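The residues of the chain are indexed from 1 along the displayed sequence. Being a predicted model, the structure only gives us computed values, none of them experimental. Numbering of ligands and ligand atoms starts at 1, following listing order.
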Amino acid sequence: MNPPVSLVPVLPDSAPFTPEQRAYLNGFLAGLFSYAPASAAGAAAGTAASTRLQPLTIVFGSQTGTAEKLARRMAKEAGKRGFAATVQDLVSYPIASLATEQNLLVITSTYGDGEPPDNARGFADALKSTALPSLATVRYSVCGLGDTNYAKFCGFARELDARLKQLGAVRVLPRTECDVDYEASFSAWLGQALTSLNTAGSASAIPTTSVDSTEPAPAPRGYDRQNPFRSRLVANRRLNAPGSEKDVRHLELSLEGSDLSYEVGDALGVVPRNDPELVDELLRQLHATGTETVSGSDGKMIPVRDALLTVHEITRVPSPLLQWMAKRTGDATLARVAAPDANGELTQFLRGREIVDLLAAFPDSGLTVAEFVPLLRKLQPRLYSISSSLKAHPGRVHLTVGTVRYESLGRRRLGVCSTFLADRTQEATEVLIFVHRNTSFRPPAPDQALIMVGPGTGIAPFRAFLQERRATGAAGRNWLFFGDQRAGSDYLYQEEISAYQNDGLLNRLDLAWSRDQGQKVYVQDRMRAAADELWQWLDAGAAFYVCGDASRMARDVETTLLEIIQSAGSRTPEGAREYLQQMKSGRRYQRDVY
Ligand SMILES: Cc1cc2nc3c(=O)[nH]c(=O)nc-3n(C[C@H](O)[C@H](O)[C@H](O)COP(=O)(O)OP(=O)(O)OC[C@H]3O[C@@H](n4cnc5c(N)ncnc54)[C@H](O)[C@@H]3O)c2cc1C
Ligand SMILES: NC(=O)c1ccc[n+]([C@@H]2O[C@H](COP(=O)([O-])OP(=O)(O)OC[C@H]3O[C@@H](n4cnc5c(N)ncnc54)[C@H](OP(=O)(O)O)[C@@H]3O)[C@@H](O)[C@H]2O)c1
Ligand SMILES: Cc1cc2nc3c(=O)[nH]c(=O)nc-3n(C[C@H](O)[C@H](O)[C@H](O)COP(=O)(O)O)c2cc1C
């Protein structure tokens with residue numbers, strides 16, 4: 001049987017609109033036609049009902065673009081299944097619209113310690129209001145993106161889901177929580193959520209669809225997370241001078257042979273390989289030779305040594321392994337920390353403790369490789385803020401990577417990906433990469449002034465921004481706050497930054513060396529000292545961007561920014577928060593923090 005003919009005009013793909021504009025306009029056209037009198041709209045097709053599309057709003061909360069990408073994918077799929085879908089960024093989604101929604105899907109990540117991503121912070125605050133109307137006519141479902149390594153896994157998605165329910169909205173499908181390896185859970189939610197909304201809505205009015213509701217959306221093409229590009233490392237240079245406590249690398253990878261391109265603000269995904277010495281130690285602990293076979297990532301049997309090198313995370317202790325060990329050994333401490341309500345104690349137990357320590361503590365557990373491997377998590381790619389502009393370095397991508405090395409429980413520990421890049425690659429080593437688009441972190445308009453706060457590796461995207469603004473002749477003024485431990489050894493990209501200062505691209509530079517004197521001096525101290533001028537820049541429309549450490553620096557910089565808006569901008573604390581919120585909605589305040 002032929003599918004029903006739709007009378008609804010659809011914009012051609014060649015029309016000069018962004019995907020979001022196209023979806024919105026298509027939705028608008030669909031609305032116009034579907035609500036036309038049955039006699040007019042239904043004349044050729046038989047019934048008006050058969051052409052009516054259900055409205056659907058998909059909102060996303062996203063810090064580094066994953067939820068946004070998935071929201072757009074969902075909208076595309078929804079379009080095929082009889083919905084007129086629009087995608088909305090929570091940064092500009094008016095809370096008043098909630099009560100008017102019929103079908104609402106929320107995809108959001110969680111940041112900080114169970115907090116909303118930056119673009120959803122205003123919405124989250126507004127949602128707490130006691131003056132919100134009932135949402136009894138809203139059908140919805142929530143998909144959370146998170147990482148089970150964090151104590152408050154999908155914390156914001158949980159909070160948001162609970163609040164929508166409390167306001168009377170009808171949850172048509174229970175919340176899905178996706179771990180870093182989100183594909184399977186997200187695809188399942190996508191199919192089920194659209195089916196549930198169809199069923200909950202006026203199903204008879206929806207065109208029949210030939211798409212199986214459980215079928216995942218088509219796989220994206222080109223190089224991506226699932227299909228990374230085999231790039232070659234072409235440079236690996238230490239940026240710190242001898243005597244530094246840090247080992248930050250400038251890395252360059254070739255994009256030759258790929259059609260990969262990136263924009264400044266994007267991140268690069270790197271697929272690491274584990275440390276072979278650690279793999280050998282684990283094999284010894286498991287009394288295995290390494291040739292025993294286990295299931296690989298595509299289900300084919302591979303030697304366990306290869307699986308531990310490339311398929312599984314072998315440092316952080318995964319919860320299934322902890323639970324297995326607690327059960328097998330009967331150990332009281334393990335039983336306590338593995339209990340579902342052991343949040344604080346578990347975090348404490350896991351800090352600085354790796355799988356190798358757990359196996360060493362219980363050598364008689366009898367754990368075999370066949371039991372061990374299925375208890376492990378999949379090895380995840382790491383993201384790095386791209387530190388170059390393609391306009392300045394065609395065919396190359398640069399990274400600025402801080403090598404993670406520390407001591408715990410009397411043992412030297414190595415960060416998986418940063419030491420893979422720093423220590424276990426040589427020139428021409430193959431490195432699997434993909435571009436992670438970060439549309440919520442982009443340079444401002446060319447003539448807009450830009451204030452950048454990027455201590456340590458936080459300098460990475462700002463080096464790229466400066467290269468881009470130089471290459472495009474952007475006229476906006478630039479002000480950089482940079483800092484690290486010591487001027488003598490930790491001034492990353494000193495020559496380039498000085499050159500930009502000398503030739504006028506960098507209008508102002510403030511440096512904060514934390515360990516060159518008795519008292520710590522941080523970037524926010526430099527901001528405070530320049531409060532009046534900083535306010536003048538902001539007042540004249542400058543954008544304010546932050547990159548680097550999320551847990552302390554970015555939080556303290558925001559507090560200082562609020563103080564400056566309050567004092568130099570003569571505002572009340574509430575007024576300063578409102579001003580910052582407007583900066584966020586207007587994309588004048590953007591952060592790339594980790
Ligand atoms: C959007 C984004 C952009 C990023 N950009 C950059 C960038 O430009 N440059 C950069 O260097 N990094 C960047 N990162 C961080 C990067 O992705 C990795 O997290 C980092 O390189 C560490 O990965 P790893 O595999 O080397 O370490 P892992 O093996 O993942 O180990 C890191 C873990 O070790 C533990 N740990 C670390 N230090 C200690 C300690 N002293 N005591 C106890 N435990 C400790 C912590 O649990 C930590 O999570 C970015 C992250 C994101 C999300
Ligand atoms: N998730 C991960 O696995 C991972 C891996 C690597 C890095 N990171 C994060 O990325 C950050 C960046 O690392 P990095 O080595 O490039 O730089 P960094 O550790 O952030 O240090 C850069 C400078 O910031 C200073 N600083 C410390 N606390 C600060 C605060 N509250 N406010 C402002 N400045 C502060 C440091 O001073 P002092 O050190 O002298 O106090 C130093 O001078 C790390 O701090 C870490 O949190 C995360
Ligand atoms: C600094 C930082 C903090 C995070 N905090 C949490 C957290 O508290 N809970 C959680 O479940 N996931 C946390 N995550 C993981 C992200 O939510 C996850 O990577 C998500 O896929 C990101 O989606 P996005 O790109 O749309 O922002 C954190 C990630 C980073 C880099």
Side-chain angles (χ1 to χ4, degrees), residues 60-71 107-115 117-120 144-158 177-180 182 245-249 266-270 272 274 313 315-316 350-354 379-387 399-408 413-422 436 438 440-441 453-461 482-486 490 492 512-516 520-525 547-557 560 592-594:
F60 64 84
S62 187
Q63 187 76 33
T64 56
T66 318
E68 177 176 2
K69 184 180 75 180
L70 296 181
I107 308 174
T108 186
S109 59
T110 292
Y111 269 77
D113 186 18
E115 287 154 27
D118 280 354
N119 79 322
L145 302 185
D147 180 340
T148 43
N149 282 316
Y150 288 92
K152 294 187 182 157
F153 176 56
C154 286
F156 176 57
R158 289 177 189 185
E177 296 179 348
C178 304
D179 203 349
V180 273
Y182 55 76
E245 290 174 39
K246 295 202 161 178
D247 178 9
V248 179
R249 298 299 175 104
D266 284 340
L268 194 77
V270 175
N274 283 312
E313 192 90 49
T315 50
R316 295 176 206 182
L350 293 180
R351 188 164 298 136
R353 186 172 267 112
E354 295 186 346
L379 183 58
Q380 293 301 325
R382 271 46 168 182
L383 296 182
Y384 294 95
S385 312
I386 290 174
S387 60
L399 303 180
T400 309
V401 176
T403 313
V404 175
R405 299 182 222 270
Y406 60 97
E407 285 252 334
S408 66
R413 314 285 173 171
L414 303 176
V416 174
C417 191
S418 57
T419 64
F420 161 69
L421 288 168
H436 180 94
N438 191 357
S440 49
F441 193 70
V453 181
T457 52
I459 188 67
F482 174 72
D484 213 318
Q485 294 183 355
R486 295 176 186 87
D490 304 314
L492 310 181
W513 306 113
S514 55
R515 303 194 190 184
D516 270 348
K520 295 255 181 184
V521 176
Y522 288 156
V523 280
Q524 60 271 29
D525 298 313
C547 178
D549 173 47
S551 58
R552 299 155 300 154
M553 183 277 294
R555 194 197 51 210
D556 296 347
V557 163
T560 308
D592 175 27
V593 295
Y594 44 88

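Contacts between D592 and ligand 1, counted as non-hydrogen atom pairs separated by less than 4.0 Å, involve the side chain only. At a 4.0 Å heavy-atom cut-off, ligand 1 touches R316 through the side chain alone. Heavy atoms of C417 found under 4.0 angstrom from ligand 1 belong to the backbone as well as the side chain. Counting heavy atoms closer than 4.0 Å to ligand 1, residue V416 contributes atoms from both its backbone and its side chain. Proximity of Y406 to ligand 1, defined as any heavy-atom pair under 4.0 Å, is confined to the side chain (atoms from C-beta onward).
For K152, the salt bridge (charged side-chain N to carboxylate O under 4.0 Å, His left out) partners two or more places apart in sequence, or in a different chain, are D113.
Not a single N or O atom of G155, backbone or side chain, sits closer than 3.5 Å to an N or O atom of ligand 3. Any N or O atom pair closer than 3.5 Å counts here, and E115 shares no such pair with ligand 3.
Near V401, with a cut-off below 4.0 Å to any heavy atom, the atoms of ligand 1 are 11 (O).
Scanning S385, P272, S418 for the heavy atom closest to atom 26 (O) of ligand 1 points to S418.
Here the protein heavy atom with the shortest distance to atom 17 (O) of ligand 3 is T110 O, 2.7 Å.
Within 4.0 Å of ligand 2, heavy atoms belong to protein residues K246, V404, G456, T457, D484, Q485, S514, R515, K520, Y522, Q524, D549, R552, M553, D556, Y594.
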